[in-house]
Amino acid sequence: MKAISIQTFGSPDGLAVVDLPVPAPAAGQVLIATEAVGVGGVDTVIRSGALAAYGFKEGHIPGSEVAGTVTAVGDGVDVSWIGRRVWGFTGTGGGYVEQAVAPVEQILPLPDCLSAAAAVTLGSAGAVAHFGLGHAHFAPGETVLVRGAAGSIGIMAVQLAARGGAAAVAVTTSSSERGERLRRLGATHVLDRSGGGWEAAPAGYDVIIDVVAGEDMPSFFDRLNPNGRMVAVGAVAGQPPADFGTKIMTAFQKSMSFAAFSAATVTPADLSAVRSKQFGAASRGEIEAVVHELLPLDEAVLAHQKMDAGEVFGRIVLTP
């Protein structure tokens, strides 16, 4: 089968098409003939080599979520899954393939009217946005800032905050054109990447959902209201400065807080429950899965080039 491998860490040119045997699902796993593969921000970070210290090695197959049809099951898995359209989470890799394996507890049946591309756009991103807002103890009537709102996680955070009754949903993004698209999804104020620029906005926020992190993250503590909460749900710009917490301590009397959130801390059952609700909502048109572009699997290099260039609004989806 065709697969994409990280042959050399660094630029997207280090990705290559390779031929691998079709895997056999182990006990508790299913085999999925993939129709769509989501390209996530974490895939580009792994490809860059930034996470090599965490055990990622050259030869790694990136990708964590796929959608397609179950073609085989391992021991202990109900054979009725065979032939069903599903979304599946493959873990920290293994998704950029024509045939993917996933644990049965990490797959979900898809509504008939939900496309495979929409599923891999919503599956991980929607859950991270939902639980990230929960981690921040977001409540109706509060003001929210989504930093880095043009990616799939940010777009979902905007929609969920707006649907959840936020008094204001501000976004940072790279252009006014992207800002207008985010307005149509529920944003009320559009800011530039520094959090200033184009228009008046709330002076402070009760909740900041940060997909970006990086060197500029500490400056956004200045935008938190008293008792405000910032939750980092990604780090597409890399790690923040080692001393970023001093910003919180110097504003001690504001009782601000910072937390990181990873979906790895949520049980598969809880993740599945949220994803099922979101897939249903998307199939009814209540939330939108924003697919930037469909590209063939063997154009993964181009997909990563577009990600690195900051061209993507929503999610690129690879189609085997």
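Numbers for residues simply follow the sequence, beginning at 1.
- With contacts defined as side-chain heavy-atom distances shorter than 4.5 Å, the pair Ile248/Ser257 does not qualify.
- Between Trp81 and Pro109, the shortest heavy-atom distance links the atoms CH2-CD, 3.8 Å.
- The distance from the CZ atom of Phe221 to the CD1 atom of Ile208 is 8.0 Å, given to the nearest 0.5 Å.
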Using side-chain contact (heavy atoms from CB on, under 4.5 Å), reason through Gln278 and Ile287 one step at a time and then give a plain yes or no.
CA-CA 8 Å; Gln278 291 181 346; Ile287 57 176; 4.0 Å; yes
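- Taken to the nearest 0.5 Å, the NE2 atom of His304 stands 12.0 Å off from the CG atom of Asp13.
- A 4.5 Å side-chain heavy-atom check between Val73 and Leu31 finds every atom pair outside the cut-off.
- Between Pro12 and the choices Arg47, Met307, Lys306, the side chain to side chain contact (heavy atoms under 4.5 Å, CB included) rule is met once, by Arg47.
- Residue Tyr205 forms a side chain to side chain contact (heavy atoms under 4.5 Å, CB included) with just one option from Met230, Arg147, Arg223, and that option is Arg223.
- Judged by distance alone, the side chain of Gln106 and the main-chain N or O of Thr90 form no donor-acceptor pair under 3.5 Å.
- The closest donor-acceptor contact from the side chain of Thr267 to the backbone of Asp270 lies under 3.5 Å.
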Derivation and outcome, side-chain contact (heavy atoms from CB on, under 4.5 Å), residues Leu295 and Ile316
CA-CA 7 Å; Leu295 290 174; Ile316 290 180; 4.1 Å; yes
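- Val39 and Ala303 get closest at one heavy-atom pair: CG2-CB, 4.4 Å.
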Could you please spell out the steps behind the ring pair (Phe, Tyr, Trp, His ring centres under 6.0 Å) verdict for Phe244 and Phe258?
CA-CA 10 Å; Phe244 75 88; Phe258 170 83; 5.1 Å; yes
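- Ring orientation note: the planes of His60 and Phe56 are nearly perpendicular, at an angle over 60° on the 30°/60° scale.
- Using a distance-only test at 3.5 Å, with no hydrogens or angles considered, a donor-acceptor pair links the side chain of Ser48 to the main chain of Val45.
- Hydrophobic clustering (side-chain heavy atoms under 4.5 Å, transitive across Ile, Leu, Val, Met, Phe, Trp, Tyr) groups Val128 together with Val171.
- Ser124 has its side chain within reach of Phe89: a pair of non-hydrogen atoms, C-beta onward, lies under 4.5 Å apart.
- Atoms NE2 and OG1, from His189 and Thr172 in turn, are 14.5 Å apart once rounded to the nearest 0.5 Å.
- Inter-residue side-chain proximity for Pro226 and Gln253 is flagged as unmet; no heavy-atom pair is nearer than 4.5 Å.
- Side-chain atoms of Thr246 and Asp243 include no donor-acceptor pair closer than 3.5 Å.
- Between Glu142 and Arg229 there is a salt bridge, with a side-chain nitrogen of the basic residue lying less than 4.0 Å from a carboxylate oxygen of the acidic one.
- In this structure, Pro320 and Val37 have side chains that are in contact, with non-hydrogen atoms separated by less than 4.5 Å.
- The closest side-chain heavy-atom distance from Leu122 to Met156 is below 4.5 Å.
- Here the shortest heavy-atom pairing between Thr188 and Ala170 reads OG1-N, 4.3 Å.
- A salt bridge is defined here as a Lys NZ or Arg NE, NH1 or NH2 lying under 4.0 Å from an Asp or Glu carboxylate O, and Asp19 with Lys2 fails to meet this definition.
- Annotation for Gly141 and Ala167: closest pair O-CB, 3.2 Å, computed over non-hydrogen atoms.
- Using modelled atom types, no side-chain atom of Asn225 and backbone atom of Gly228 make a donor-acceptor pair closer than 3.5 Å.
- Every residue was checked against the side-chain hydrogen bond (donor to acceptor under 3.5 Å, both in side chains) condition with Gln305, not counting sequence neighbours, and none meets it.
- If you chain together hydrophobic residues whose side chains sit under 4.5 Å apart, Val79 and Val77 fall into the same group.
- The nearest pair of heavy atoms linking Val233 to Gly132 is CG1-CA, 4.2 Å.
- Between Glu293 and Val317 the shortest side-chain heavy-atom distance does not fall below 4.5 Å.
- In this model, a donor atom of one side chain and an acceptor atom of the other lie less than 3.5 Å apart for Ser152 and Arg315.
- Using the six-membered ring where Trp is involved, Phe261 and Phe131 have ring planes that are parallel, under 30° apart on the 30 and 60° scheme.
- Atom CD in Glu35 sits 14.0 Å away from atom CG in Leu318 (nearest 0.5 Å).
- For CG of Asp75, the number of neighbouring non-hydrogen atoms (other residues, nucleotides, ligands) closer than 6.0 Å is 12 at most.
- Listed by chain and number, the residues in a side-chain contact (heavy atoms from CB on, under 4.5 Å) with Gln239 amount to none (sequence neighbours excluded).
- Formation of a donor-acceptor pair under 3.5 Å by the Arg85 side chain with backbone atoms of Leu114 is found in this model.
- In the hydrophobic clustering of ILVMFWY residues, with side-chain heavy atoms under 4.5 Å counting as a link, Leu271 and Val30 come out apart.
- Side-chain atoms of Ser276 do not come within 3.5 Å of backbone N or O of Ala273 as any donor-acceptor pair.
- Distance check, rounded to the nearest 0.5 Å: OG1 of Thr143 to CG of Asp206 gives 3.5 Å.
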Go through Gln99 and Thr34 one step at a time and tell me if the side-chain contact (heavy atoms from CB on, under 4.5 Å) criterion holds.
CA-CA 6 Å; Gln99 301 273 344; Thr34 55; over 6 Å; no
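- Cluster membership for Ile209 and Val169, using ILVMFWY side-chain heavy atoms within less than 4.5 angstrom, is shared.
- Listed here is the closest heavy atom pair of Thr173 and Ala150: OG1-CB, 3.8 Å.
- Looking only at side-chain heavy atoms (C-beta outward), Gln29 and Val104 stay at 4.5 Å or farther from each other.
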Please determine whether side-chain contact (heavy atoms from CB on, under 4.5 Å) holds for the pair Leu224 and Asp222, giving the CA-CA distance in whole Å, both sets of side-chain angles, and the decisive distance to 0.1 Å.
CA-CA 6 Å; Leu224 283 174; Asp222 296 334; over 6 Å; no
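- Thr92 contributes atom OG1, which lies 10.0 Å from atom CG of Asp43 (distance to the nearest 0.5 angstrom).
- Linking Ile, Leu, Val, Met, Phe, Trp and Tyr whenever their side-chain heavy atoms come within less than 4.5 Å leaves Val101 and Leu110 in two separate clusters.
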